[in-house]
Number of protein chains: 2
Amino acid sequence: MIKLLISEDHQSLLDGLLLLFKGDDAIEVIGFARDGQELLEILQHKKPDVLLTDINMPRMNGIELCKKVKETNPKVKIVAFSMFENEDAIKDMLEAGAMAYVLKQRPLAEVRKAIISVSRGERYFDSTIDLSQIENTEKSKEKTLLSPSEREILKLIAQGKNSSEIAEIRFTASSTVLKHRKNIIQKLGLHGKGELLRYALNKYKHY
Amino acid sequence: MIKLLISEDHQSLLDGLLLLFKGDDAIEVIGFARDGQELLEILQHKKPDVLLTDINMPRMNGIELCKKVKETNPKVKIVAFSMFENEDAIKDMLEAGAMAYVLKQRPLAEVRKAIISVSRGERYFDSTIDLSQIENTEKSKEKTLLSPSEREILKLIAQGKNSSEIAEIRFTASSTVLKHRKNIIQKLGLHGKGELLRYALNKYKHY
DNA sequence: AAGTAAATACCCTTTAAGGGGTAGTTTCAT
DNA sequence: ATGAAACTACCCCTTAAAGGGTATTTACTT
């Protein structure tokens, strides 16, 4: 029997998962939580084989949870379960230690398959996820394209900061921030502040 | 037996709902769809008592679906099922004809309760929804605060349009659009274009 | 018919930031 | 230690739009 912990903030979906695994002779749900913080507490006195976790959760998101679980319980295999087909989210989860990624758009049966796969030490990605594309994703593009300063500034832009505020935060001249901003727009092929803000907001909203 | 149609783009959650109603002696699922468009097609040859629908769906969202169902099949009772506790979304669904609103954060049992309630002609709102607050929501504030033109311009801003584009769309001088923009900022107590764009994007992202 | 709110369109001034440069200075890897 | 990349900081010019007004017309309200 695979011992499973579930972390999912949507109770309705959690209920569906519990219904799915009730009476399952291969998987046993030994606990569940509605956010990462709560799951970490449960993990102190439970020893699961697999953790199924959502990404977007209150208090602690799936990416942070994943990292912490891997630090303290490295043997636990992690399945990411999310509505985001955003390549960044997938990449972040993989980097944080997840072995599988299943979209909420997929049938529940896929979640079960993923859990069984990771329990055997195999990776699992649902058929709608193109792993080869993950490597060429916008984030990788951004990582090679944008310099560290530029990436930091992009994050600050996502937080709604304007150039002079960013300049203060970074202890640098606003002319420098302006320059970085221009370079970001140019490198990412954006058109104007509107698109820049949209891009930044979209990229960092789940963090 | 209550004849139920379901419209939900997350297959995993749909699977959970189907598991829940399988063997239910009060509710029978007679069909399901992954978006509003698909559901309308099903509705042409099925006669449900109740429609359970998500709000955020591809092709046609729950608000549009709700309106169209009410036009063609006014007797069908509608339960909105969404992850948004956004007051605007709730208000829009109610205005569009929904009789119940349940959050995905709530247990599946509440969905069942809501379906049974609306089938009897009663309304249903899960306990986390404060209906009295819905009336004092930001949208109502906005409705009394912002004039019709201002609201339209806010939507166009959310679509990434700049003032000259908005002027073309509305067949008006860009000076007028600029004036409306300034008034919106002033009325909503925002600070600059960044906040305006963020506000607009946040408000209209689900539409 | 008078009053009010809204929409329209303009005024002026200032700021933020795009678009396009140049140039000095760290920093790091080969 | 040499060279590339990144960071820094400035130049120019232009545009979008904020911030603050005013005036006219339209439309609804009582």
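Naming convention: chains lettered A, B, ... in sequence-line order (proteins, then strands); numbering from 1 in each chain.
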Measure [atom1]/[X] against [atom2]/[N] and give the value in whole Å, please.
{"X": "N183(A)", "N": "dG21(C)", "atom1": "CG", "atom2": "C1'", "result": "12 Å"}
{"X": "H180(A)", "N": "dA17(C)", "atom1": "NE2", "atom2": "P", "result": "15 Å"}
{"X": "I153(A)", "N": "dG18(C)", "atom1": "CD1", "atom2": "P", "result": "12 Å"}
{"X": "L197(A)", "N": "dG18(C)", "atom1": "CG", "atom2": "C1'", "result": "15 Å"}

Report, one line per pair, each donor and acceptor closer than 3.5 Å where one atom sits in a side chain of residues 170-180 of chain A; sequence neighbours left out.
| from | atom 1 | to | atom 2 | distance (Å) |
| --- | --- | --- | --- | --- |
| R170(A) | NH1 | E152(A) | OE1 | 2.7 |
| R170(A) | NH1 | E152(A) | OE2 | 3.4 |
| R170(A) | NH2 | S149(A) | OG | 3.2 |

Residue pair S174(B)/E150(B) against DNA chain C: nearer the 5' end by closest nucleotide is E150(B)
At 4.0 Å (heavy atoms only), tell me whether S149(B) reaches a base, stays on the sugar-phosphate, or touches nothing. sugar-phosphate
Hey, does T176(B) reach any base, or is it just sugar-phosphate, or nothing, if we go heavy atoms under 4.0 Å? base
Whether K75(B) and D49(B) form a salt bridge (side-chain N of Lys/Arg under 4.0 Å from carboxylate O of Asp/Glu) is what I want to check. no
Pairwise side-chain contact, L154(B) with Y199(B), heavy-atom cut-off 4.5 Å (strictly under): yes
Under a 4.5 Å cut-off applied to non-hydrogen side-chain atoms, are L108(A) and L17(A) in contact? yes
Considering just the side-chain nitrogens and oxygens of S175(B), establish if one lies under 4.0 Å of OP1 or OP2 belonging to dC10(C). yes
Would you say N162(A)'s side chain and E165(A)'s backbone share a donor-acceptor pair under 3.5 angstrom? yes
Test side-chain hydrogen bond (donor to acceptor under 3.5 Å, both in side chains), reference Y124(B), set E110(B), K113(B), K77(B), output is E110(B)
Reading nucleotides 13-22 of chain D 5' to 3', which nucleotides get B (base under 4.0 Å from a protein heavy atom), which S (sugar-phosphate only), which -? ----SSBBBB
